[in-house]
Asker: 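Quick one: this structure, given as structure tokens, is what I'll be asking you about.
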2 protein chains.
Amino acid sequence: MALTEIADRPAGEDAPSLHQRILSDISEKIVSGEWAPGHRIPFEYELSATYNCSRMTVNKALSQLAKAGMIERRRRSGSFVRRPKSQAAILEIHDIKTEVQALGLPYRYQLVSRRMRRGTADDRERLGLTEPSTVIALTSLHFAGHRPFCHEDRLISLRTVPDAEHEAFAEIAPGPWLVGRIPWSVAEHRIRAAGVDAGVASTLDIDAGTPSLVVERQTWSADQPVTHVRFTYAGDGHTLVARFTPAQG
Amino acid sequence: MALTEIADRPAGEDAPSLHQRILSDISEKIVSGEWAPGHRIPFEYELSATYNCSRMTVNKALSQLAKAGMIERRRRSGSFVRRPKSQAAILEIHDIKTEVQALGLPYRYQLVSRRMRRGTADDRERLGLTEPSTVIALTSLHFAGHRPFCHEDRLISLRTVPDAEHEAFAEIAPGPWLVGRIPWSVAEHRIRAAGVDAGVASTLDIDAGTPSLVVERQTWSADQPVTHVRFTYAGDGHTLVARFTPAQG
DNA sequence: GACCTCAATATGTATATACATAATGAACAA
DNA sequence: TTGTTCATTATGTATATACATATTGAGGTC
């Protein structure tokens, strides 16, 4: 009877594509534990029979699952549920304006200092420069409402970003200015806790040594160092939050 | 002449699949900035002509690029390079044993305390429990060499993980014990800096108030709260590091 | 001009088919 | 026993084809 087929896809529900449905069916079996790690999932031709579709459609679903790291595919042997890769997980880090506005507070940017100089040894270290180069050194503040939310200490390599020489950064923060102008290919983050030093403490209007969250980001574009930023979030007021589902690399 | 065809694929090079090559060709044009955000990339049938392949092969490449967030596809209009989505990025967090061993130091786990209790209001808050439930509360230390590397403060919901009642956690850390036993579907991380409180300070053998990195992780399996952990990494000795290429969500 | 209709168009999804490739295991030879 | 050969098998990749679907733009009507 046609009734069962109708029941498969209730009227109000918008129908996802078939390979999508196969994918989520399998994904659910894995996440629920019904198919434990190591379990061999049905062969492509078996699934194509149960779903009454072609092997290509099943292949599309399984390939995506393999890419997401949920299953492992072995020729001649079949596809297997992968063991979760330790407690590894993924965290998203947003830009500051978004962060502040997500808190429902008005955002404001303020430049504290701007210097151009021949890169010191420390500058080269931070940027990952091998040869001397001229750099722009910026310090600035990001406000959430009336209170300073974050202190930014940034270097920009003029060799890679010559336009930065003619930008005052009085109105626009260097982050948004760089984004869109310089396509970055690789970046590296470092997150740690530290007591704030005297200089940063005074601009943030807190006591030196107060615990703070330090996020450093180093960015390259096509192997050329672009910028190095050090964000200092004062006190324990700031938290990086991430929600995610297991995507075992 | 066949010579040009040979030149296309040098002898020593292993040939990636065609759709892979199309994907990386386009990806490179985008990352290099040759195709700026908003640029309309060639239509599927155009690319299939230039690469002398079927539309399906091009479609596979473009679909993956769209999924990765690098391009946006619009029916009837074509495919366009997407504007990078702010400075969002991704960070991987590994489990502690792996972290310690990556430093080349011997790893050791030590249980400090284990209690079973009817969940307090704070316990329910941490686990995300709506109704009262019995919980296991564990505190333990992770050593890197001789020094305490990390303090762990964990709650496990006995309702979701009844087996935990019969596990002493004297030999095995609760993290690895839970992994593999309970497939988790969702997790949430919170990362912040804080001064350590007196209790944790004494077990870590440092002064109270020392800046420390606190990583909290809350885990659910099929909407059921599984566990809540609070890792405290003493001082500024510990850094979370992440390297990544831009996958603009 | 505002509105409607409709053909054109680019992507979305799915099929049937084909051959390549890696891995397994059984049959067979030294 | 050890090693080799070889057919089998499941996945990997690619093609040609088909129809669905959303969107655009042109043309006609009120």
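Here is how names work: the chains are called A, B, and so on, in the same order as the sequence lines, proteins then strands, and each is numbered from 1. The figures that follow rest on heavy atoms only: side chains count, while hydrogens, waters and symmetry mates do not. The structure displayed is predicted, hence computed values, not measured ones.
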Asker: Using only heavy-atom distances, decide whether a donor-acceptor pair under 3.5 angstrom links the side-chain of B/Arg75 to the base of D/dT21.
Answerer: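 Result: at least one qualifying N/O pair found.
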Asker: Under 3.5 Å, is there a donor on one side chain and an acceptor on the other for A/Arg73 and A/Ser79?
Answerer: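 Yes, A/Ser79 and A/Arg73 have a side-chain donor paired with an acceptor closer than 3.5 Å.
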Asker: Do the ring centers of A/Phe149 and A/Tyr233 come within less than 6.0 Å of each other?
Answerer: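 Under 6.0 Å, so yes.
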Asker: Between A/Asn59 and A/Ser77, which has a closest nucleotide on DNA chain D that is more 5'?
Answerer: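 First, find each residue's nearest nucleotide; the 5'-ward one identifies A/Ser77.
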Asker: Would you say C/dT11 has OP1 or OP2 under 4.0 Å from some side-chain N or O of B/Ser63?
Answerer: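 So the side-chain polar atoms of B/Ser63 never come under 4.0 Å of the phosphate oxygens OP1 or OP2 of C/dT11.
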Asker: Expressed as a whole number of angstroms, how long is the span from B/Gln64:CD to D/dT13:C1'?
Answerer: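 Answer to the nearest Å: 12 Å.
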Asker: From CD1 of B/Ile22 over to P of D/dT13, roughly how many Å is that when rounded to an integer?
Answerer: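 The answer, rounded to whole Å, is 13 Å.
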Asker: I need the CD-P distance between B/Glu44 and C/dT13, as an integer number of Å.
Answerer: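 Rounded to the whole Å, the gap is 11 Å.
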Asker: Return yes when atom NZ of A/Lys29 has more than 12 non-hydrogen atoms of other residues, nucleotides or ligands closer than 6.0 Å, and no otherwise.
Answerer: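 Yes, NZ of A/Lys29 has more than 12 neighbouring heavy atoms, counting only those of other groups under 6.0 Å.
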Asker: At 4.0 Å (heavy atoms only), tell me whether A/Leu62 reaches a base, stays on the sugar-phosphate, or touches nothing.
Answerer: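 Answer is nothing: A/Leu62 stays at 4.0 Å or more from every strand.
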Asker: If I take atom CZ in residue B/Arg55 and atom P in nucleotide D/dT17, what distance separates them, rounded to the nearest angstrom?
Answerer: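 Going from B/Arg55 (CZ) to D/dT17 (P), I get 13 Å.
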Asker: Output yes when at least one side-chain N/O atom of A/Arg74 is less than 4.0 Å from OP1 or OP2 of C/dA22, else no.
Answerer: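 Checking C/dA22 against A/Arg74, no side-chain N or O comes under 4.0 Å of OP1 or OP2.
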Asker: What is the distance, to the nearest angstrom, from the OH atom on A/Tyr45 to the C1' atom on D/dT8?
Answerer: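 These atoms are roughly 12 Å apart.
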Asker: Does the C/dT11 base have a donor-acceptor partner in the side chain of B/Arg76 within less than 3.5 Å?
Answerer: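 Answer no: no donor N or O sits under 3.5 Å from an acceptor.
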Asker: Take the protein atom NZ of B/Lys60 and the nucleotide atom C1' of C/dT13, then report the distance between them rounded to whole Å.
Answerer: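 One finds 14 Å between C1' of C/dT13 and NZ of B/Lys60, rounded.
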Asker: Which part of the nucleic acid, if any, lies within contact of A/Ser79, taking any heavy atom under 4.0 Å across all strands shown: a base, the sugar-phosphate backbone alone, or nothing?
Answerer: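 Touches sugar-phosphate only.
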Asker: Measure CD/A/Glu72 against P/C/dA23 and give the value in whole Å, please.
Answerer: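 To the nearest whole Å, that distance equals 12 Å.
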Asker: Does the side chain of A/His142 come under 3.5 Å of the side chain of A/Glu152 through a donor N or O and an acceptor N or O?
Answerer: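 Yes.
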Asker: Give the nucleotide from the list C/dA10, C/dA14, D/dT13 with an atom nearest to the side chain of A/Met56.
Answerer: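 Among the listed nucleotides, the one closest to the side chain of A/Met56 is D/dT13.
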